[in-house]
Every structure is written in C-alpha cells, then in structure tokens.
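Notes follow the structure.
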Amino acid sequence: MSASAHSLSRPASDASVKNDLVKIVGVHKYFGDHHVLNGIDMTVKQGEVAVLIGPSGSGKSTLLRCINHLETISAGRIRVNDELIGYKEKDGKLHELHLKDIARQRRNIGMVFQRFNLFGHKTVLENIIEAPVQVKGQDRVPAKRRAQELLDRVGLAHRASYYPAQLSGGQQQRVAIARALAMDPELMLFDEPTSALDPELVGDVLDVMKDLAKSGMTMIVVTHEIGFAREVGDTLTFMDGGVVIESGNPREVIATPQHERTKGFLSKVL
Ligand SMILES: Nc1ncnc2c1ncn2[C@@H]1O[C@H](COP(=O)(O)OP(=O)(O)OP(=O)(O)O)[C@@H](O)[C@H]1O
C-alpha cells in the first residue's frame, strides 16, 4: 500500500489516534453545604499530561482525590478507561462499589502526594515492593528486580538499602514515584509533588516526571511549577471556585489567558 493510500485509509484503531483515558463529566463535590467542586468537565487522552493550576482552596486536590475515589463525588461521573470510578450505575442511579472493586481501580491509578508518606521503618526497596507483594501477590524476587529497575529509572539505584530518613526530601519523593509505578498504573496523579521540597531539590523530581511523560504515561499534575506546565503539559487547566475557568494549550493559556481570573493568578505565580 502506498503511503498516501495508507494515510487516507487509517483505521480508527491506529495507535496514533489517542483515546480518552479519563473522562470527568459534571462532577460536583459538597462537604456539607460547602460546594467545593461545581460541575467539572475534563478529558485527558491516553499519554497526555494535564496540568491543573489554581489558587488555594479552588478544589484541585479534591478533584484528584475524587479521581481515585479517595473522596466520594456528590454528582457527575468519572471514568477511567471507560470504567466508572467508585460506582456502578443502575437505573440512572450511582451505587458505590464494593471495597475490593474500589481497591482494584485504585491499583491502576498511582498517586503521589505533596508529602511522601514512605514507611519509615522499611528500606527504600521494601517500600517499593510492599504493594506489589502484599496487594498483587507478586513473588519477592521479581518484585525486587523490578523495584531495582524503577530505582535506576528515578536515579536512586544506589539507595535501595537506605531508610527514608537517610534521604533528602527530593530523593524520598522520587522513591514515592517509583513506589507508585511499581503497581504498573495506567494513570498517575500528582498533587503538588514538589511544593514541600527545598528549591534545590525540585529539579530532580521534575526531571523524573518529565521522563515519565516522555515514556507515554498519562498524568494529571497539580502544580505551581508553570515552567513544567509550559514544557511538558499537553493541556493546562485553570480552576477557581470549584469550576474550570479555562483550559487549553499551556503555552497559549500562559501567553494569552482569556479570563481576568486566570490573568490575575498567573501574574502572581509567573
Ligand atoms: N474533607 C474535607 N472536609 C471539608 N472541607 C474540605 C475537605 N477537604 C477539602 N475541603 C475544602 O475544600 C476546599 C478545596 O480544597 P482543596 O484542597 O481541594 O483545594 P486546592 O485547590 O487543592 O488548594 P491548595 O492549593 O491549598 O491545596 C477547601 O476550602 C477545603 O477546606
């Protein structure tokens, strides 16, 4: 088949056609009468990096936590790979899934928080193999081999036998990323992964995230690192008051924000 004929007849399943991995439709979240998310719509395609920015209290963390059902949603639907997260739908109503199904869904969604939350009494290697061995039932030998590969990937192959307290904050955060990757997630959520770090440690963590993005990992990243958003993000979404104010190509949103609230926020963080 000639090249032109091939391009004309490209099948819908062509690997270059990106599928929607995350679909968030009309999501609301109330804590009592405090409306934190007020109808969020967002789509993230397979392999994309979606960066979320917004002022403190705008609902960014809550949205991330809803995506892996650490928070229940008050209305709307969140789907990852076409599977409804946290619920099954019957007669138009949502019923919360059993814990084992919620746990299965969470295994597919890695999450890295602002604070690294490593087990202090376990070595770096033991931290990384904990979930694959305990949750997935993997044998320790292949789990250790994979953990060592992941440590190599985050530049910490030589720290496998250290305890978290012997590492810098940036190194601990890279271990936290390796630990999340050990479950082979399809989606990674990052909630301000560098904001608790000393400035000189931020770059190494962002480099690991850039490498992950290059490898095709689908990522949703809450961050104030606008340079990262510009360089790595496929989309940049500005949230305020629990709604999406604007979303688009990061370079365009940063250079020519369409809304006063986005402009005001960017002027403070740029
Ligand atoms: N469990 C909870 N109970 C009650 N209110 C909550 C709870 N979790 C979050 N909130 C409130 O929801 C609002 C949004 O919080 P959230 O952490 O999602 O914002 P954010 O945009 O991530 O802010 P920051 O940048 O400061 O982390 C805040 O007013 C917060 O107090």
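Worth saying up front: this structure is predicted, and the values here are computed from it rather than measured. In each ligand, atom 1 is the first atom listed, and ligand 1 is the first ligand listed. Hydrogens, waters and symmetry mates play no part in the numbers below; they use all other heavy atoms, side chains included.
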query: Between Phe31 and Lys29, is there a cation-pi geometry (under 6.0 Å to ring centre, at most 45° from the normal)?
result: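 The answer is yes, since Lys29 meets both limits relative to Phe31.
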
field: Geometric cation-pi criterion, Arg159 with Tyr162: 6.0 Å, 45°
entry: yes

query: If you count the non-hydrogen atoms of other residues, nucleotides and ligands that lie under 6.0 Å from NZ in Lys136, is the total more than 12?
result: yes

Remaining members of the apolar cluster that contains Ile129, side-chain heavy atoms under 4.5 Å: Val133

- prompt: Under a strict 4.0 Å criterion on non-hydrogen atoms, which protein residues are in contact with ligand 1?
  reply: Phe31, His34, Val36, Pro55, Ser56, Gly57, Ser58, Gly59, Lys60, Ser61, Thr62, Glu192

- prompt: So among Arg174, Gln172, Gln171, Glu225, which one has a side chain to side chain contact (heavy atoms under 4.5 Å, CB included) with Val205?
  reply: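 That would be Arg174.
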
message: Please report whether the ring centroid of His69 lies less than 6.0 Å from that of Tyr87.
response: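 Yes: the rings meet the under 6.0 Å criterion.
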
